[in-house]
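A short worksheet on the structure shown next.
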Amino acid sequence: MKTNQKNSRLLSSLLSYYPRLPENSNGHPVVSEIRQKAFERLKDIGLPGNKDDKWRDSGFMDIFNREFKMETEPAPYQKTINEIFECEIYDFHSEIISVLNGHYYAKDPEEIRTLENGVRVGSILTAQKEFPGLFDQYFGKIGDDQTDGLKAANSAFFKDGVFIYVPDGVEVKDALQLIKMVNEQGNPFIASRNLIILGKNSKLTFMHCDDSINHLSSFINTFTEIHVGENATLELYKLQNLNDESALLNNTFIRQGRNSRTSAIVLSLNGGKIRNELHIDLNGEGAETDLSGVYLMDKEQHIDNQVYVNHLVPHCNSKTLYKGVLDNKATGIFRGYIYVKQDAQKTNAFQKNNNILMTSDARIDTMPFLEIYADDVKCSHGATVGQLDDEALFYLMQRGISRENATLLLMNAFTSEVTSKISIEPLKNSIEDMIKKRLRGELSICDKCILHCTVPDKPVEFEIDLSKI
Amino acid sequence: MLLNIKNLHVSINGKEIIKGLNLGVNYGEVHAIMGPNGTGKSTLAAAITGREGYEITKGVIEYKGKDITKLTPDQRANEGIFLSFQYPVEIPGVSMINFMRTAIDTRREYNGLGPIPPGEFLKRMEEMKKLVEINTKLTKRSVNEGFSGGEKKKNEIFQMAMLEPTLAILDETDSGLDIDALKVVARGVNALRSDKNAFIVITHYQRLLDYIIPDFVHVMWDGRIVKSGGKGLALELEERGYEWVKELVEN
């Protein structure tokens, strides 16, 4: 049943703002057409309602009636992103791309950078003019959800975002790291859009970081399309460390070609409301996807992970593993969808979601949805919701470890099933440090990136040595 | 006296399990506690180690001359009390080697010492692994994860050897062990026996006591120690069965 909201402040602000949308002028005709169609659809269907199956119990409903600021100016480039926000991971080199308030942030925002081996990186608004062919071929081709007003709102209203093109056969050495930040008063609605294209036999590590540098509120609506070509490899990391006033909607659509591989790790460390939709289309035989996530929520935070794995052709493998710890009055949703098309024989699809609730007020709704139309498949799913294991806690304490440290150790062990998958050692160490800090209650948003924590002159000290656990 | 339990009463969820138990253990002694299922043997171990949910309604547990009933499980452990678990817990994600180092360092800190030097730690690991014939592969894994029943029990004795407790309680360490593993466990215990520590060995069967020779044997029945004696008592029990104890109690 669909009962979308047609009366909300957010919707009326969006509808009245559209004619004045500056990004709409002189864009590529393909993009302008997509914007216009998306706008018509938004007008038609409105925003999601809490009776919509895919938005049931969502913590987002109550923000739709807030007052939003639609217009944001691109900030003049005065400082490098590193001066605004330090995000150093010791012994790890990445190519930084930044988006501030939804606008591409660079010394020359119009420049599409050319990295080694012809890799192109730049603003999506510029790229649509410079690479009309690629836009015709790829832009708006996946994630065209006719039923979701917030996705339509992104297509119609995105300010800017990132374009990445990796040519055939190119293995990108350093990770590309997108750092998105908001620094705008007045509760802005910020839509940004990314398009990433991996050619045949190419390889890319992409980090998508959403960070806060202050306590201002905002609603961030992000939409990322990733095309993974034949025999290409994508490693995707999402790091979310936002303030408690932020609402983040993070939609990611990935289409995989024949024999391609994707591994995605989604880490939600902090944020008022976060909804991650991760949609994978396994569109070529032999494609593999490995999706995992860790979420650590407390206070009255809300986390919603929606993972869609679509097996569209035979001989593809997928694994999904999400683990969460919810404390205080935090609420969460996990929905894992596995769809196996009729002729997608020899599919292997596995899904697991494990949760620890630290209090009786914390809440998680976890639901698997399996739709299988082929008859020669291996599929499984499992979900658990529990407390910290009392037996294990006592066992550790009987060996002399304090309750506090035993609890920390068990929670850390719980999340390590996911973090151990991180293949880049310095990144893994930084992320594990962040998780430890978060679990100790020491991690809040700071002016500087918390990834700073493993820089040798700023060591993180723990009462017990967890470094190799 | 190392351990002096006087008139101990323990309840779980309001139900009294231990109903006035007395037990004294001196340095250098091995005490066996025998008795059928459900007579309170494991409850006694839980009460001494401070497990949550085991309410001491009456009596005291004196250890090294002090009442420890108000101490937390980790404080008691750091005071030198060790429990070899009947069912050792699997802890995925926590590696055996770091668990051990954390436990030892915590104990050392409690006693005002710095962390164990890495060389010393590794040397001790090697020695103790040999003692209980535990495979290096196991110590590299997560705590007890995927260990067989026998390996888990050997791992308990390994941990005991590493931590050098003053009072070690072995809760049915023999259950589920084949004779070879049993001998290994017994050898470990015997190697650690000294006049600076003491052992309480909880068991159903006399079998283990062929290898770990006790100084005293106590028989538990309905939350109390109803008969105590020397090592001969275990043999007598084996011969005459627990029915004999029942008759003793009833008469």
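Atom set for the values below is all heavy atoms of this structure, side chains included, hydrogens, waters and symmetry mates excluded. Chain identifiers are assigned alphabetically (A, B, ...) following the order of the sequence lines, protein sequences preceding nucleic acid strands; residue numbering begins at 1 within each chain. None of these values were measured; they are calculated from a predicted model.
- If you measure heavy-atom distances from A:Leu393 to chain B, you find no contacts under 4.5 Å at all.
- Counting heavy atoms from C-beta outward, B:Glu52 and A:Arg403 have side chains that approach closer than 4.5 Å.
- If you measure heavy-atom distances from B:Leu83 to chain A, the contacts under 4.5 Å come from both the backbone and the side chain.
- Contacts between B:Gln159 and chain A at a heavy-atom distance below 4.5 Å involve the side chain alone, from C-beta outward.
- B:Gln75 is not listed as a side-chain neighbour of A:Met397, based on a closest heavy-atom distance of 4.5 Å or more.
- Counting heavy atoms from C-beta outward, A:Gln398 and B:Phe85 have side chains that approach closer than 4.5 Å.
- Taking every heavy atom of both residues into account, A:Ile401 and B:Asp74 meet most closely at O-CB, 3.4 Å.
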Side chain to side chain contact (heavy atoms under 4.5 Å, CB included) for B:Thr49 and A:Phe394? Distances and angles first, verdict last. CA-CA 10 Å; B:Thr49 51; A:Phe394 178 64; 3.5 Å; yes
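- In this structure, the side chain of B:Glu90 does not engage the main chain of A:Ala392 through any donor-acceptor pair within 3.5 Å.
- Shown here for A:Gly400 and B:Thr106, the closest heavy-atom pair between the two residues is O-CG2, 3.1 Å.
- Chain A forms the most heavy-atom pairs under 4.5 Å with one residue out of B:Gly53, B:Gly50, B:Pro73, and that residue is B:Pro73.
- Using a 4.5 Å cut-off between heavy atoms, B:Pro88 contacts chain A through both its backbone and its side chain.
- Here the closest non-hydrogen pair linking A:Ser416 and B:Gly93 is OG-CA, 3.8 Å.
- B:Arg76 does not touch chain A: none of its heavy atoms, backbone or side chain, sits under 4.5 Å away.
- With rounding to the nearest 0.5 Å, the separation of CG in A:Leu396 from OG1 in B:Thr102 is 9.5 Å.
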